[in-house]
There are 2 protein chains.
Amino acid sequence: MDRKNEPFAHDADLAWEPAGIGVTRKILTYRDEVMMVRVRFEAGAIGPPHSHPHIQCSLVECGTFDITISGRTERLVAGDSFTVPPDAVHGAVNIEAGVLLDVFTPMRRDFVLPGT
Amino acid sequence: MDRKNEPFAHDADLAWEPAGIGVTRKILTYRDEVMMVRVRFEAGAIGPPHSHPHIQCSLVECGTFDITISGRTERLVAGDSFTVPPDAVHGAVNIEAGVLLDVFTPMRRDFVLPGT
């Protein structure tokens, strides 16, 4: 279902989906220009280095992560945040099981329409 | 300090600032295109109806809020999220003390350079 013109997204209505080994994600509110996604990492799970043209900003909701952006790595804990410039290579190594809140601008069409 | 070209923002380095009666905010990571802001509401505090050209998406981190967007109101709890179109009138009434995570695109220059 395309819900990009729906302003409200109730968590109880949304499902987790697989997003890699030990990683699941839940797509929260979105519209063309922006998308909010919660990403849950099991202990030791990895978000492999990758890049995309979308600008990303993320909050560590809980847990501990080593985040690498353009070759620079910092250890982040709950409440810390980061921004990924367009096309910058970035990745996450989970140190203690946790959750990231990722926000993308524009929205990740590939998350709702795989193959696009 | 302008930290919009700094990809990492550590929560311990950031300060809460007043943002209305019973409301404080902390500016997290940002760059020109996007800004993440945590907004803390004391019990019963109100975010009065207002609008701005920036698109906003928000997550209820904790607490309970009645959120109104373009005249439609829904009650949101932790994990729920919403998106505000450009220039749409929106407001928040806090029902149970809580925290919103607001993300704006583009960034809110007025938050770091008052008067702009």
Side-chain angles (χ1 to χ4, degrees), chain A residues 3-14 16 26-38 53-62 65-86 88-90 99-107, chain B residues 3-14 16 26-38 53-62 65-86 88-90 99-107:
Chain A
R3 46 185 175 82
K4 75 179 182 189
N5 292 314
E6 169 53 50
F8 297 102
H10 292 270
D11 189 57
D13 298 334
L14 308 175
W16 290 98
K26 183 183 276 196
I27 297 173
L28 309 184
T29 187
Y30 66 96
R31 55 179 279 138
D32 280 341
E33 301 86 347
V34 70
M35 174 181 269
M36 190 173 263
V37 182
R38 177 173 282 129
H54 317 71
I55 294 169
Q56 175 182 337
C57 64
S58 299
L59 171 73
V60 179
E61 289 197 324
C62 61
F65 294 85
D66 280 348
I67 302 293
T68 301
I69 303 170
S70 301
R72 180 176 152 199
T73 301
E74 296 207 6
R75 180 155 295 187
L76 301 187
V77 297
D80 294 344
S81 54
F82 59 92
T83 301
V84 180
V89 175
H90 57 289
V99 177
L100 295 180
L101 184 80
D102 292 345
V103 180
F104 302 95
T105 178
M107 71 171 274
Chain B
R3 46 186 174 80
K4 76 179 182 188
N5 292 313
E6 168 55 49
F8 296 102
H10 292 270
D11 189 58
D13 298 335
L14 308 176
W16 291 98
K26 183 183 275 195
I27 297 172
L28 309 184
T29 188
Y30 67 95
R31 55 181 279 138
D32 280 341
E33 300 86 349
V34 70
M35 173 181 268
M36 189 173 264
V37 181
R38 178 174 282 130
H54 318 70
I55 294 168
Q56 174 182 339
C57 65
S58 299
L59 171 73
V60 179
E61 288 198 325
C62 61
F65 294 85
D66 280 350
I67 302 294
T68 300
I69 303 171
S70 302
R72 179 174 154 203
T73 301
E74 297 208 4
R75 180 155 295 187
L76 302 187
V77 297
D80 294 344
S81 54
F82 60 92
T83 300
V84 180
V89 175
H90 58 289
V99 177
L100 295 180
L101 184 78
D102 292 344
V103 180
F104 301 95
T105 178
M107 70 171 274

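Computed from a prediction, not measured in an experiment: that's the story for all the values here. Throughout, a chain's letter reflects where its sequence line sits, starting with A, and its residues are numbered from 1.
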Does Arg31(B) reach the side chain of Val84(A), with side-chain heavy atoms less than 4.5 Å apart? no
Flag the pair Asp80(B) / Phe8(A) as yes when at least one side-chain heavy-atom distance between them is below 4.5 Å, and no otherwise. no
Pair count under 4.5 Å, heavy atoms only, with chain A: among Met36(B), His90(B), Gln56(B), Lys26(B), highest is Met36(B)
Assert top hit (heavy-atom pairs under 4.5 Å, partner chain A, pool Leu59(B), Asn5(B), Leu101(B), Asp13(B)) equals Leu59(B)
Output for pair (Phe82(A) CZ, His10(B) NE2), nearest 0.5 Å, gives 11.0 Å
Whatever's closer than 4.5 Å to a heavy atom in chain B on Glu6(A) counts as side chain
What are the two closest non-hydrogen atoms of [X] and [Y], and how far apart are they?
X         : Y        : answer
Pro7(A)   : Ile69(B) : CB-CD1, 3.9 Å
Cys57(A)  : Val34(B) : SG-CG2, 3.6 Å
Thr105(A) : Glu33(B) : CG2-O, 4.3 Å

Ser81(A) meets the side-chain hydrogen bond (donor to acceptor under 3.5 Å, both in side chains) criterion, sequence neighbours left out, with none
Hits for side-chain hydrogen bond (donor to acceptor under 3.5 Å, both in side chains) against Ser70(A), two or more places apart or cross-chain, chain-then-number order -> none
Q. Salt bridge or not for Arg38(B) and Glu61(A), using N-O below 4.0 Å?
A. no
Applying a strict 4.5 Å limit to non-hydrogen atoms, the region of Leu28(B) in contact with chain A is both
Cut-off 4.5 Å, heavy atoms of chain A, and the answer for Leu14(B) is neither
